[in-house]
Amino acid sequence: MNEAAVAAFWDERRQEDATLPPQPPVAWAFGATPEHADELLALVLEGVKTGTASTVWEYEDGGETMLVVGELSIILDGSGEPQAVIRTTALEVVPFDRVGPEHAHSEGEGDRTLASWREAHERYWRAHSTSPRGFAQDMPVLCERFELLWPRPAWAPVRSGHERADAEEGV
């Protein structure tokens, strides 16, 4: 990750929306490989992916603070360049084997079924988990829902008077 690029990206977002906090939020990429990061980012940008999941064990074992509702994140592409801003809208900790079909669908991957989600995520966490505890059917999973703030999707409602005026003028 290029910290200067993230700072410049955040400065540009703040010029568009002065209500954003001065400090850039955490920047991260989906997946474990550059290719996977790009695939999942594309789903976010298309409005298909509105959810993600991580293991609570990785937060605990890595000494990281878990997300909170309302938290912003900068999403990086597979090259580590900032491409999007999301806001966490809902969080739920659920055992892996109790994650529901709605959450699986929100992740936008594969055929979007729960069976597909479980197979892909078990394979992913067995191969890429940073927790020494590895994978277990009952391990706690942090199910996150989020909204894409930037780039503002074409289907999203206009939020500020300035944006509304620009839209009405065709800018």
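Asp38 places a side-chain N or O within donor-acceptor distance of the main-chain N or O of Gly78, the cut-off being under 3.5 Å. Counting only distance, with no hydrogens or angles, the side chain of Thr89 and the backbone of Glu147 share no donor-acceptor pair below 3.5 Å. Between the side chain of Arg87 and the backbone N or O of Leu149, no donor-acceptor pair lies under 3.5 Å.
Of the N and O atoms on the side chains of Ser73 and Trp28, at least one donor lies less than 3.5 Å from an acceptor on the other residue. One side chain, Ser129 or Glu58, offers a donor N or O that lies under 3.5 Å from an acceptor on the other. Side-chain atoms of Glu92 and His103 include no donor-acceptor pair closer than 3.5 Å. Using a 3.5 Å distance cut-off with no hydrogens or angles, the side chains of Thr52 and Glu144 do not pair a donor with an acceptor.
One hydrophobic cluster holds both Leu91 and Tyr59 under the rule that ILVMFWY side chains link at heavy-atom gaps under 4.5 Å. Val85 and Leu20 fall within the same hydrophobic cluster, defined by Ile, Leu, Val, Met, Phe, Trp and Tyr side-chain heavy atoms under 4.5 Å apart, directly or through other members. Following chains of ILVMFWY side-chain contacts shorter than 4.5 Å, one can reach Val69 starting from Val56, so the two form part of one hydrophobic cluster. Note on Leu67 and Phe146: separate hydrophobic clusters, where clusters join Ile, Leu, Val, Met, Phe, Trp and Tyr whose side-chain heavy atoms are under 4.5 Å apart, directly or indirectly. Both Ile86 and Val26 sit in one connected hydrophobic cluster of ILVMFWY residues. Membership requires side-chain heavy atoms under 4.5 Å apart, directly or through other members.
In this structure, Phe9 has its ring center under 6.0 Å from that of Trp150. If you look at Trp117 and Tyr124, their ring centroids are not closer than 6.0 Å.
Interatomic distance, OG1 of Thr130 versus CZ of Arg133, reported as 10.5 Å (0.5 Å rounding). Separating the CH2 atom in Trp125 from the CZ atom in Phe96 is a distance of 6.5 Å, to the nearest 0.5 Å. Considering OG1 of Thr88 and CG of Leu142, their distance stands at 8.5 Å, rounded to 0.5 Å. Note: Arg112 CZ to Glu102 CD = 12.5 Å, rounded to the nearest 0.5 Å. In this structure, Asp111 CG and His105 NE2 are separated by 9.5 Å, a value rounded to the nearest 0.5 Å. The structure places CG of Leu114 at 10.5 Å from CD of Glu107, a figure rounded to the nearest 0.5 Å.
Considering only heavy atoms from C-beta on, Asp61 comes within 4.5 Å of Pro132 through its side chain. A 4.5 Å side-chain heavy-atom check between Met139 and Pro95 finds every atom pair outside the cut-off. Counting heavy atoms from C-beta on, the side chains of Val68 and Glu71 come closer than 4.5 Å. You'll find the side chain of Pro140 stays beyond 4.5 Å of the side chain of Thr55, heavy atoms only. For the pair Leu76 and Val6, the minimum side-chain heavy-atom distance is below 4.5 Å. Using a 4.5 Å heavy-atom threshold, the side chains of Asn2 and Glu81 count as touching. In this structure, the side chains of Leu72 and Pro21 come closer than 4.5 Å at one or more pairs of heavy atoms. Between Glu109 and Leu40 there is a side-chain heavy-atom pair separated by less than 4.5 Å.
In this structure, Gly110 and Ser116 approach most closely via the heavy-atom pair CA-OG, 4.1 Å. Nearest heavy atom pair, residue Pro82 against residue Ala5, reads CG-O, 3.7 Å. Looking at every heavy atom in both residues, Trp57 comes nearest to Ser131 through CB-OG, 3.6 Å.
The cationic group of Lys49 lies under 6.0 Å from the six-membered ring centre of Phe30 and within 45° of the ring axis, placing it in a cation-pi geometry.
Paired with Leu45 under the rule side-chain contact (heavy atoms from CB on, under 4.5 Å), one option of Leu41, Leu43, Val48 passes, and it is Leu41.
In this structure, Gln137 places its CD atom where more than 12 heavy-atom neighbours from other residues, nucleotides or ligands lie under 6.0 Å away. The number of heavy-atom neighbours closer than 6.0 Å to CZ of Arg98, taken from other residues, nucleotides and ligands shown, is 12 or below.
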